*Asks:* 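For reference, the structure I am asking about is given below.
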Amino acid sequence: MNAGLVESALEKGYEPHEVEKRWYEFWEKQGLFAAAEKSHGPAYAIVIPPPNVTGVLHMGHALNNTMQDILCRYRRLRGDNVLWMPGTDHAGIATQNVVEKKLAAEGTNRQALGREKFIEAVWQWRKKYGNAIISQLKRLGASCDWGRERFTMDEGLSRAVRKVFVELYEAGLIYRGRYIINWCPRCNTALSDLEVEHEETAGRLYHIRYPLIDGSGHLTVATTRPETMLGDTALAVNPEDERYLYLTAQQVELPLTGRVIPIIRDGYVEMAFGTGALKVTPAHDPNDFEICARHNLEIVRVIGDDGKMTEAAGIYTGLDRYECRQKVVAALEAKGLLEKMVDHNHSIGHCYRCKDVVEPNLSKQWFVKVKPLAEAAIAAVEDGRTRILPETWTKTYYEWMYNIRDWCISRQIWWGHQIPAWTCGACHKIVVAMEAPMVCPVCGSKDLTQETDVLDTWFSSALWPFSTMGWPDQTELLKTFYPTSVLVTGFDILFFWVARMMMMGLYFMKAVPFREVYVHALVRDEYGKKMSKSKGNVIDPLEVIDKYGTDAFRFTLAAFAAMGRDIKLSEARVEGYRHFINKLWNAARFALMHLQAPQEPLKSDNISLPDRWILSRLQRATNQAAEALDNYRFNDAAGVLYKFVWHELCDWYLEAAKPALNGKLGDSARDAARAALWQVFHDTLILLHPFIPFVTEELWHKLPGTTGSIMQADFPQGAHASPGVSENPDAEAVMALLMDIITAIRNIRGEMNIAPSLALKVMIQTDNETIRARIATHGDMIVNLARLSSLSVEPPGAKHKSAATALFEGGTIFISLAGVIDFSQEAKRLEKELDKVVKELETNSKKLANKEFMDKAPDHVKEKVQAGHEALAEKQQKLSHNLERIRALQEN
RNA sequence: GGGCGGGUAGCUCAGUUGGGAGAGCAUCGGCCUUACAAGCCGAGGGUCACAGGUUCAAGCCCUGUUCCGCCUACCA
């Protein structure tokens with residue numbers, strides 16, 4: 001031991017927290033996340049799905065950003081100029097809600113403050129709390145180019161928003177009109193169709209009698225919302241409906257109001273539903289609104305924006321909508337007009353922000369005419385300019401795009417991009433412009449007032465891929481990185497965001513915003529339920545990180561991220577992968593004991609079997625991991641590396657290399673082993689770095705002979721392949737033989753309950769000279785790893801009494817157990833094994849006896865079965881032979 | 001109503017041109033072997049939801065049934 005070894009020896013277990021903090025700061029300080037505006041090599045760009053400023057890191061973010069980080073780090077190792085564009089979203093409604101709550105706690109409200117002061121308060125809030133999610137992303141290890149961080153309310157991005165609005169307006173793709181929209185009475189704003197969450201709810205169908213005006217009876221309609229009857233302006237029946245063909249009256253009296261309304265005929269009415277008669281409430285139902293337009297009906301708005309009944313509701317004015325329902329039902333019942341109530345399930349829309357029940361209501365709003373934009377977005381996917389992965393999402397994308405309806409973009413809140421439209425007080429014309437006009441361009445009046453509504457937050461995030469890069473200016477950044485390489489996102493915002501970015505990108509940049517869209521799954525709880533605060537089943541990623549470390553957490557996410565499949569996460573799984581990090585750590589601890597001085601480079605001569613083998617396995621693992629990452633198969637990549645590190649590097653290679661490393665085979669063997677160990681370890685750290693950046697960086701710096709950050713290393717493949725690393729089928733074959741023999745001996749040891757401390761005497765019989773030679777050459781390894789006192793190789797024939805037998809492909813192993821062997825136990829063991837072989841042989845023989853199989857199966861399959869058959873037959877023969885022998889001994 | 005995904009070991013899940021049913025955890029047995037007990041060495045465990053079909057051959061392809069989950073929709 002030397003002093004250096006002690007000094008730099010690693011702690012016994014890996015302690016992540018200090019390491020994570022230290023290296024993250026190092027990376028940032030060194031500017032290793034920064035993209036070059038112009039690149040010589042390939043450019044690789046990802047824009048982050050901007051989290052809400054109000055957000056705190058949840059599992060969805062964690063998965064999403066871990067994947068992006070893996071890709072970015074991987075591409076950097078491959079030499080790409082990587083831009084990972086970070087930022088946050090101003091989240092209009094959510095943020096306004098948060099700040100309003102804060103104001104309420106302070107005993108005030110936004111109305112009292114006024115618009116300007118309120119917005120100032122929001123900015124204050126953002127300054128103070130808005131960076132929480134950013135620092136959480138950093139704890140996750142996210143290697144974003146933080147110097148370019150953007151916010152959807154930044155001046156630059158706001159300019160992009162205004163520009164887009166003006167151009168779309170001038171192109172006739174933005175219009176303003178009075179239509180039925182989704183109104184959230186709690187948030188006090190309009191919502192787009194997408195922002196309404198439908199939920200199946202148990203409700204009632206109220207059958208209400210509307211007296212015919214001529215006293216000849218009544219028409220019964222079924223409704224789930226009796227309170228809206230106050231706003232009915234017609235009843236509708238299907239023109240084909242024979243039940244209603246010969247009505248004597250063409251009008252009914254609207255109960256509780258005394259109004260008289262017409263009976264109309266419209267094909268929309270389903271004869272089979274309810275009574276086949278429909279009440280028409282144009283102000284509070286989108287379908288009724290359309291019927292109304294077809295029949296030129298009156299519109300009566302009985303529910304106001306506050307969710308309370310308007311003056312048009314007569315005596316019910318001012319009542320809450322649900323209170324009013326009760327009163328109306330009671331009144332109808334009292335008049336004998338409530339025929340019956342039937343239980344009925346139907347879906348009710350809820351605000352995706354506050355979960356309050358959304359009210360379809362008539363309102364004057366701004367809309368984007370999306371059909372033409374959608375067509376271009378469909379075409380771009382159809383012709384492959386953008387590829388959606390997994391492909392199954394393509395269909396969903398088309399489905400939505402084909403059935404798209406106009407997008408309501410105005411919101412009646414204050415926090416957001418105020419719509420750049422002004423109304424002239426003199427001529428009432430609307431002026432839409434980038435900057436506030438001084439005078440009305442139509443009449444010259446100075447009496448201009450700006451539209452108070454702001455835009456849907458998604459309107460600005462739709463521009464994210466190019467607005468963050470400086471558009472509308474034609475920047476270097478755009479030239480280098482637009483279209484971006486891939487968008488990594490959850491399917492829950494496929495429509496909200498991805499689809500709209502496609503539309504806007506194509507319209508304004510004349511090019512798709514991303515070449516690929518990788519749609520990943522959702523993280524669910526261990527029972528497969530969506531994590532939500534109300535269910536109380538959320539796992540906080542930060543708590544997990546605190547407990548197990550970022551690397552363990554990231555590796556878990558990667559290992560479970562099979563394409564197109566949801567991740568059910570529980571802490572136990574993270575704990576499992578923490579063991580992996582620890583395993584790597586300890587392997588490093590061992591390796592570094594032997595690698596204190598800089599190594600001689602690996603020479604191809606004088607290289608041992610275990611070295612050649614692990615270098616070959618390393619090459620395969622490298623290729624497989626790269627191939628998997630290139631195809632977004634994160635779980636495969638993680639799995640390959642896990643297996644390589646644990647079950648090849650640790651379980652076999654390190655054990656096999658110990659004698660050489662410990663100097664038992666001489667100085668030159670030791671030096672050669674060190675060189676190989678160094679190379680394997682060096683490359684392994686690089687392969688693992690995208691997944692577990694912190695521990696690999698820490699170990700990288702402990703490894704002598706490395707310079708700078710591991711982030712700046714080359715991915716060891718192709719032109720950057722490391723010396724000596726190559727596939728070596730011969731070495732793999734020999735190792736497979738030795739491993740096979742060692743495992744067979746261990747198996748006997750285990751099954752016969754022989755203490756590991758007891759060194760065994762082993763004889764191997766084989767008639768295969770190559771095998772004999774191989775065992776003779778590499779017998780030391782068997783002796784070492786199977787713990788033998790002696791090993792001999794011989795041609796078949798000699799009898800070995802008091803020996804247990806094991807088979808390997810090519811021969812028989814005799815394990816001398818004089819005085820230890822339990823014959824009956826050994827006989828049992830052999831019987832069991834023979835049983836297995838016989839069964840296998842049966843199915844195998846059947847195949848070979850099957851004429852059709854022999855006629856039709858391809859050659860390589862037949863050969864395989866044939867070879868398998870021969871091996872099995874030999875095995876069977878040997879096993880029964882051994883069994884006979886044991887039985888004979890048993891009888892003595 | 002339409003669409004999508006899933007049902008594989010006790011649990012969580014892999015299984016990509018149809019030819020060996022696998023991993024991790026859990027369980028059982030043996031080990032404090034000088035990198036690691038967060039470990040090492042072994043072992044057991046499955047009618048691949050069910051029923052048909054195509055094929056020499058089906059976890060994989062086709063049809064039907066059933067259960068679960070999600071997305072979407074203007075039957076009040």
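In this text the structure is predicted, and so the values were computed from the model without any measurement.
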*Asks:* Using whole Å, report how far CG of A:D406 lies from C1' of B:C74.
*Replies:*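 After rounding, the gap between these two atoms is 15 Å.
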*Asks:* Just the table, please: protein N/O against nucleotides 61-63 of chain B N/O, every pair under 3.5 Å.
*Replies:*
none

*Asks:* Looking at A:E842 and A:K846, is there a salt bridge between them, counting it only when a charged N and a carboxylate O are closer than 4.0 Å?
*Replies:*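 Answer for the salt bridge query: no.
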*Asks:* Report which part of the nucleic acid A:K547 touches: base, sugar-phosphate, or nothing (heavy-atom distance under 4.0 Å, all strands).
*Replies:*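 No contact.
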*Asks:* Taking A:R749 for its side chain and A:A786 for its backbone only, find out whether a donor-acceptor pair lies under 3.5 Å.
*Replies:*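 At least one qualifying donor-acceptor pair exists.
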*Asks:* For nucleotides B:A21 and B:U16, find the distance between their P atoms and express it as a whole number of Å.
*Replies:*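 Between the two P atoms, the distance is 15 Å.
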*Asks:* Atom NZ of residue position A:K875 - does it have more than 12 heavy atoms of other residues, nucleotides or ligands inside 6.0 Å?
*Replies:*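 Incorrect, the count does not exceed 12.
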*Asks:* Could you pull out all residues at least two apart from A:D266 that satisfy side-chain hydrogen bond (donor to acceptor under 3.5 Å, both in side chains)?
*Replies:*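 With sequence neighbours excluded, A:D266 shows a side-chain hydrogen bond (donor to acceptor under 3.5 Å, both in side chains) to A:R294, A:H295, given in chain and number order.
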*Asks:* Do A:D285 side-chain atoms and A:T281 backbone N/O form a donor-acceptor pair below 3.5 Å?
*Replies:*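 A pair under 3.5 Å: no.
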*Asks:* Mind checking if A:E840 touches a base, just sugar-phosphate, or nothing, with heavy atoms under 4.0 Å?
*Replies:*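 Contact class for A:E840: none.
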*Asks:* Reading nucleotides 18-28 of chain B 5' to 3', which nucleotides get B (base under 4.0 Å from a protein heavy atom), which S (sugar-phosphate only), which -?
*Replies:* -BS---S----
*Asks:* May I ask you to check whether A:Y642 and A:W646 place their ring centers less than 6.0 Å from one another?
*Replies:*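 Ring centres of A:W646 and A:Y642 closer than 6.0 Å.
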*Asks:* Decide, yes or no, whether a salt bridge links A:E339 with A:R209 under the criterion of side-chain N to carboxylate O below 4.0 Å.
*Replies:*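 Yes, A:E339 and A:R209 are salt-bridged.
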*Asks:* Rounding to an integer number of angstrom, what distance separates B:G69 and B:A76 when you compare their P atoms?
*Replies:*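 To the nearest whole Å, 22 Å.
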*Asks:* Please give, in whole Å, the distance from B:A35 P to A:K583 NZ?
*Replies:*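 Taking atom P of B:A35 as the reference, NZ of A:K583 is at 11 Å.
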*Asks:* Mind checking A:N582 for me? I need base, sugar-phosphate or nothing, with any heavy atom below 4.0 Å counting as a touch.
*Replies:*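 Result for A:N582 = base.
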*Asks:* Check whether any side-chain nitrogen or oxygen of A:K658 sits under 4.0 Å from OP1 or OP2 of B:A35, and answer yes or no.
*Replies:*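 For B:A35, OP1 or OP2 has a side-chain N or O of A:K658 closer than 4.0 Å.
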*Asks:* Give each protein N/O atom lying under 3.5 Å from an N/O atom of nucleotides 29-32 of chain B, with the pair distance.
*Replies:*
none

*Asks:* Taking for each residue the nucleotide of RNA chain B with the nearest heavy atom, is it A:T223 or A:H198 whose nucleotide lies nearer the 5' end?
*Replies:*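 The residue mapped nearer the 5' terminus is A:H198.
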*Asks:* Which part of the nucleic acid, if any, lies within contact of A:K395, taking any heavy atom under 4.0 Å across all strands shown: a base, the sugar-phosphate backbone alone, or nothing?
*Replies:*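 Result for A:K395 = sugar-phosphate.
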*Asks:* Examine the side chains of A:Y210 and A:D232 and answer whether a donor and an acceptor come within less than 3.5 Å of each other.
*Replies:*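 Side chains of A:Y210 and A:D232: pair found under 3.5 Å.
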*Asks:* Using the C1' atom on both, measure B:C68 against B:G29 and round to a whole Å.
*Replies:*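 Those two atoms are separated by 38 Å.
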*Asks:* Check for me whether the distance between the ring centres of A:F555 and A:Y577 falls short of 6.0 Å.
*Replies:*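 Close enough - the centres of the two rings lie under 6.0 Å apart.
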*Asks:* Just how far, in rounded Å, is P of B:G42 from NZ of A:K832?
*Replies:*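 Roughly 15 Å, once rounded to whole Å.
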*Asks:* Count the heavy atoms belonging to other residues, nucleotides or ligands that lie under 6.0 Å from CZ of A:R387, then report whether that count exceeds 12.
*Replies:*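 Incorrect, the count does not exceed 12.
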*Asks:* Do the ring centers of A:F590 and A:F681 come within less than 6.0 Å of each other?
*Replies:*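 No, the ring of A:F590 stays outside the 6.0 Å limit from the ring of A:F681, centre to centre.
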*Asks:* Do A:Y352 and A:E197 pair up side chain to side chain, a donor and an acceptor below 3.5 Å, judged on atom types alone?
*Replies:*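 A:E197 and A:Y352 do not have a side-chain donor-acceptor pair below 3.5 Å.
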*Asks:* Rounded to whole angstroms, how far apart are CG on A:N287 and P on B:A73?
*Replies:*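 In whole Å, B:A73 P lies 13 Å from A:N287 CG.
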*Asks:* In whole Å, what separates the P atom of B:G44 from that of B:G64?
*Replies:*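 41 Å, rounded to whole Å.
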*Asks:* Tell me: NE2 of A:H344 to P of B:C75, nearest whole Å?
*Replies:*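 Those two atoms, NE2 and P, are 10 Å apart.
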*Asks:* Rounded to the nearest Å, what distance is computed from the CZ atom of residue A:F289 to the C1' atom of nucleotide B:A76?
*Replies:*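 Value for this atom pair: 18 Å.
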*Asks:* Of the non-hydrogen atoms in A:V329 and A:P226, which two are nearest, and what is the gap between them?
*Replies:*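 Heavy atoms only, the tightest pair is CG2-CG, 3.7 Å.
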*Asks:* Is atom CD of A:E809 surrounded by more than 12 heavy atoms (other residues, nucleotides or ligands) closer than 6.0 Å?
*Replies:*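 No, because the 6.0 Å sphere around CD of A:E809 holds 12 heavy atoms or fewer from other groups.
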*Asks:* Does A:T743 reach a base, just sugar-phosphate, or nothing at all? Heavy atoms under 4.0 Å.
*Replies:*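 A:T743: backbone/sugar contact only, no base atoms under 4.0 Å.
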*Asks:* So that I can tick it off, tell me whether A:E831 and A:K836 are bridged by a salt bridge, with the cut-off set at under 4.0 angstrom between side-chain N and carboxylate O.
*Replies:*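 Judged by the 4.0 Å cut-off on N to carboxylate O distance, A:K836 and A:E831 do not form a salt bridge.
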*Asks:* Please list, by residue number, the residues of residues 264-272 of chain A whose heavy atoms come closer than 4.0 Å to an atom of RNA chain B; answer none if no residue qualifies.
*Replies:*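 Nucleic-acid contacts, sorted: A:Y268, A:V269, A:E270.
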*Asks:* Look at A:E648 together with A:K643 and state whether they make a salt bridge at an N to O cut-off of under 4.0 Å.
*Replies:*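 No salt bridge links A:E648 with A:K643.
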*Asks:* Is there a donor on the side chain of A:E399 or the base of B:A73 sitting less than 3.5 Å from an acceptor on the other?
*Replies:*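 In this structure, the two groups form no donor-acceptor pair.
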*Asks:* May I ask you to evaluate whether A:R589 reaches the phosphate of B:C36, defined as a side-chain N or O under 4.0 Å from OP1 or OP2?
*Replies:*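 For A:R589, the contact criterion (side-chain N or O under 4.0 Å from OP1 or OP2 of B:C36) is met.
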*Asks:* Quote, to the nearest angstrom, the P distance that separates B:U54 from B:C62.
*Replies:*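 Pairwise P distance, B:U54 against B:C62, rounds to 15 Å.
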*Asks:* On a whole-Å scale, what distance lies between the P atoms belonging to B:G15 and B:G22?
*Replies:*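 Roughly 16 Å separates the two P atoms.
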*Asks:* Looking only at atom P, what distance separates B:U47 and B:C4, rounded to whole Å?
*Replies:*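 Pairwise P distance, B:U47 against B:C4, rounds to 31 Å.
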*Asks:* Any donor-acceptor pair under 3.5 Å linking the side chain of A:N403 with the backbone of A:E399?
*Replies:*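 The answer is yes, because a donor-acceptor pair under 3.5 Å joins these two groups.
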*Asks:* I need the CD1-C1' distance between A:I291 and B:C74, as an integer number of Å.
*Replies:*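 Roughly 10 Å, once rounded to whole Å.
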*Asks:* Need one value for A:D651: base, sugar-phosphate or nothing, where a base atom within 4.0 Å counts as base even if backbone is also close, heavy atoms only.
*Replies:*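 Answer is sugar-phosphate: A:D651 comes under 4.0 Å of backbone atoms only.
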*Asks:* When you measure from the side-chain N and O atoms of A:N403 to the phosphate of B:A73, is any distance below 4.0 Å, counting only OP1 and OP2?
*Replies:*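 No, no such contact exists.
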*Asks:* Just checking A:T392: base, sugar-phosphate only, or nothing, at a heavy-atom cut-off of under 4.0 Å?
*Replies:*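 Sugar-phosphate, no base atom in range.
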*Asks:* Give RNA chain B the dot-bracket treatment, 5' to 3': Watson-Crick (N1-N3 with N6-O4 or O6-N4) or G-U (N1-O2, O6-N3) under 3.5 Å, [ ] crossing, | other strand.
*Replies:* ((((((((.[[[[.)...(..]]]].(((((.......))))).....[[[[[..)....]]]]])))))))....
*Asks:* Using the C1' atom as the point on both nucleotides, what is the distance between B:C61 and B:C48, in whole Å?
*Replies:*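 Pairwise C1' distance, B:C48 against B:C61, rounds to 16 Å.
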*Asks:* Should we count CZ of A:R204 as having more than 12 external heavy atoms under 6.0 Å?
*Replies:*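 Open.
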*Asks:* After noting the C-alpha distance and the side-chain angles of A:S845 and A:K847, does the key distance pass the side chain to side chain donor-acceptor pair (under 3.5 Å) rule?
*Replies:* CA-CA 5 Å; A:S845 307; A:K847 266 192 190 170; over 6 Å; no
*Asks:* When you measure from the side-chain N and O atoms of A:R787 to the phosphate of B:C41, is any distance below 4.0 Å, counting only OP1 and OP2?
*Replies:*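 Looking at the OP1 and OP2 atoms of B:C41, neither is under 4.0 Å from any side-chain N or O of A:R787.
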